[in-house]
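Some notes on the structure that comes next.
Bear in mind the structure is a predicted one, so any value in this text is a computation, not a measurement.
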Amino acid sequence: MDRSSLFQLIQEQLDPENTGFIAVENFTSLVEHHELQLDPSKLDMLLALVQSNEEGQVCYQELIELMSSKRSSSFRRAIANGRRTLQREILLDETGLGLYKRFVRYVAYEILPCETDRRWYFHQNRLCPPPVFIAIVTIVQIIVFMCYGIMLNKWVLQTYQPDFMKSPLVYHPGHRAQVWRFFSYMFMHVGLEQLGFNALLQLMIGVPLEMVHGILRISLLYMAGVLAGSLTVSITDMRAPVVGGSGGVYALCSAHLANVVMNWAGMRCPYKLLRMILALVCMSSEVGRAVWLRFSPPLPSSGPQPSFMAHLSGAVVGISMGLLILRSYEESLQKQCSWWVIIFSFITFLLFAIFWNIFAYELLGVQIPPPP
């Protein structure tokens, strides 16, 4: 029986009056007497949905969403309240897995704090669509850096070269009317040290996050961090340019680290305390390097050095928007009030930053370095 025929059978035979609810005993009979082509974990989850309801009814919409591989809140509540447990071995005990499936299991334990979520992701994972966003961004960043490194014959502290700031990708306050620069600066980097740090972090953390949470959510989080970074610099460090993808990288990293801390007991990634300390030390060191670069005496012809505020604003985006995204695995964000609060706050910040960039520079008499 295909999925569409099954949905039609459920609606016609079990909910003929279109009430939106199905009696538990009727649905249990359907499960027992009809051949549902579902894997064992999906069948266990359907039975958990049935047995969790105290009023003897199953919401038709939640049932359809669950059978369409979209987890429902009813199942989450059933598991959380202990009314039903999935009687299967834990994921680490499964043997005979191929290389790709072992990698998927590794990603599940790196990212997800709940064994039920890990098993669900493991059995539902598909290669299509592949996690291409972070990979493409990283490849473009490396290509751009190589091009400018060859052109400038300089691989460290490229911002000390006046020609570097002439790039149409760099955000410069004198060119803030060119809106694309608020995003394109993420493809430029100060030097090999910043590119290496950002590329390593976004591949190690961003790719697993994209595999679990999908390209749409992770690309939204990354680009929100990038945009917040340039806008924050335009407000708080008005004379400084910005380069590097640190806004997006710190949004991903801070969201993941915050999620690990808030679900510390459930996370099963090895050496998590040591890795947490190492990540915080590395991120703090990168911020310290950016602060030193910003306030170190610039060469007369190079002007102010890039700001470090993009790092901090990216972290704020990660802790707010990113943490909610990571805690909502397989759940609809649109149905959560906190999601709309965050979106409203981000849009408010965006509008404020737009007006600030239009009017504040002239009203405050800010002396902007001449654009290259």
Are Val140 and Val242 grouped together when hydrophobic residues (ILVMFWY) are joined by side-chain heavy atoms under 4.5 angstrom apart?
-> yes
Given the rule in the side chain to side chain contact (heavy atoms under 4.5 Å, CB included) test, do Gln305 and Phe295 qualify, once you have shown the distances and angles that lead to the verdict?
-> CA-CA 7 Å; Gln305 290 300 300; Phe295 295 108; over 6 Å; no
Side-chain touch Gln202/Tyr222, heavy atoms, less than 4.5 angstrom = yes
Kindly give the heavy-atom pair with the smallest separation between Met267 and Tyr109, and that separation in Å.
-> CE-O, 4.3 Å
Could you tell me whether the side chain of Gln141 and the main chain of Gly245 form a donor-acceptor pair under 3.5 Å?
-> no
Between Tyr121 and Leu112 the two heavy atoms that sit nearest each other are CB-CD1, 3.7 Å
Separation between CG (Leu364) and CZ (Phe359), nearest 0.5 Å, reads 13.0 Å
Hey, would you say the Phe145 and Trp155 ring centroids sit under 6.0 Å apart?
-> yes
Distance, nearest 0.5 Å, that separates CD1 of Ile342 from CG of Leu333 | 9.0 Å
Contact summary for Leu257 and Met283, nearest pair of heavy atoms | CD1-SD, 3.7 Å
Is there a side-chain contact between Leu312 and Thr232, using heavy atoms and a 4.5 Å cut-off?
-> no
Interatomic distance, Asn263 atom CG to Arg327 atom CZ [nearest 0.5 angstrom] | 6.5 Å
Which atom pair, heavy atoms only, marks the closest approach of Leu221 to Gly322?
-> CD1-CA, 3.5 Å
Counting only heavy atoms not in Met223, do more than 12 sit closer than 6.0 Å to its CE atom?
-> yes
Would you indicate whether the side-chain heavy atoms of Val207 and Val107 approach each other to under 4.5 Å?
-> no
Just do the side chain to side chain contact (heavy atoms under 4.5 Å, CB included) check on Ile142 and Phe187 with the steps written out, would you?
-> CA-CA 8 Å; Ile142 293 174; Phe187 297 115; over 6 Å; no
Applying side-chain contact (heavy atoms from CB on, under 4.5 Å) between Val243 and each of Gln158, Met186, Met188, report the one that passes.
-> Met188
Answer whether the closest heavy-atom distance between the side chains of Arg217 and Ser328 falls below 4.5 Å.
-> yes
Considering residues at least two apart in sequence or located in another chain, which fulfil the salt bridge (charged side-chain N to carboxylate O under 4.0 Å, His left out) criterion with Arg275?
-> Glu110
Under 3.5 Å donor-acceptor, Gln194 side chain and Gly244 backbone | no
Under the side chain to side chain contact (heavy atoms under 4.5 Å, CB included) rule, what do Asp163 and Tyr148 come out as? Steps first, then yes or no, please.
-> CA-CA 9 Å; Asp163 289 340; Tyr148 278 91; over 6 Å; no
Heavy-atom donor-acceptor pair, Arg239 side chain to Val366 backbone, under 3.5 Å | no
For the pair Asn259 (side chain) and Ala255 (backbone), establish whether a donor and an acceptor sit closer than 3.5 Å, ignoring hydrogens and angles.
-> no
Can you check whether Val260's main-chain N or O pairs, donor with acceptor, with Lys272's side chain at less than 3.5 Å?
-> no
With hydrophobic residues grouped by side-chain heavy-atom distances under 4.5 Å, do Phe346 and Leu351 end up in a single group?
-> yes
Short question: side chain of Arg181, backbone of Val170 - any donor-acceptor pair under 3.5 Å?
-> yes
Give the ring-plane orientation class for His213 versus Tyr329, where under 30° counts as parallel, over 60° as perpendicular and anything between as tilted.
-> perpendicular
What is the distance from atom CD of Gln367 to atom OH of Tyr361, rounded to the nearest 0.5 Å?
-> 13.0 Å
Geometric class of the His311/Tyr250 ring pair [parallel <30°, tilted 30-60°, perpendicular >60°] | perpendicular
Heavy-atom closest pair (Ala240 atom, Tyr171 atom, distance to 0.1 Å) is O-CE2, 3.9 Å
Where the side chain of His172 meets the backbone of Gly174, is there a donor-acceptor pair that is under 3.5 Å apart?
-> yes
Taking Arg176 for its side chain and Pro173 for its backbone only, find out whether a donor-acceptor pair lies under 3.5 Å.
-> yes
Working to the nearest 0.5 Å, report the span between CD1 of Ile218 and CD1 of Ile215.
-> 10.0 Å
Out of curiosity, does Leu192 fall in the hydrophobic cluster containing Ile143 (side-chain heavy atoms, cut-off under 4.5 Å, transitive links)?
-> no
Around Met151, counting heavy atoms of other residues, nucleotides and ligands shown, do more than 12 lie under 6.0 Å from its CE?
-> yes
Out of curiosity, does Leu363 fall in the hydrophobic cluster containing Phe352 (side-chain heavy atoms, cut-off under 4.5 Å, transitive links)?
-> yes
Between Met165 and Trp180, is there a shared hydrophobic cluster once you connect ILVMFWY residues whose side-chain heavy atoms come closer than 4.5 Å?
-> no
Side chain to side chain contact (heavy atoms under 4.5 Å, CB included) evaluation trace for Glu193 with Glu286 = CA-CA 9 Å; Glu193 70 287 353; Glu286 169 61 16; 5.8 Å; no
Ignoring hydrogens and geometry, is there a side-chain-to-backbone donor-acceptor pair from Ser313 to Ala310 under 3.5 Å?
-> yes
What distance separates Met238 CE from Ser234 OG, expressed to the nearest 0.5 Å?
-> 8.0 Å
Taking side chain as C-beta onward, heavy atoms only, is Arg118 less than 4.5 Å from Arg268?
-> yes
How close do Met262 and Leu323 get, heavy atom to heavy atom, and via which atoms?
-> SD-CD2, 3.3 Å
Please answer whether the main-chain N or O of Val281 pairs with a side-chain N or O of Ser284 as donor and acceptor at a distance below 3.5 Å.
-> no
Reference residue Ile134; test side-chain contact (heavy atoms from CB on, under 4.5 Å); the match among Ile139, Ile205, Leu252, Val249 = Leu252
Short side-chain donor-acceptor distance under 3.5 Å, Ser230 and Tyr185 = no
Check whether more than 12 heavy atoms from other residues, nucleotides or ligands sit under 6.0 Å from atom CZ of Phe355, and answer yes or no.
-> no
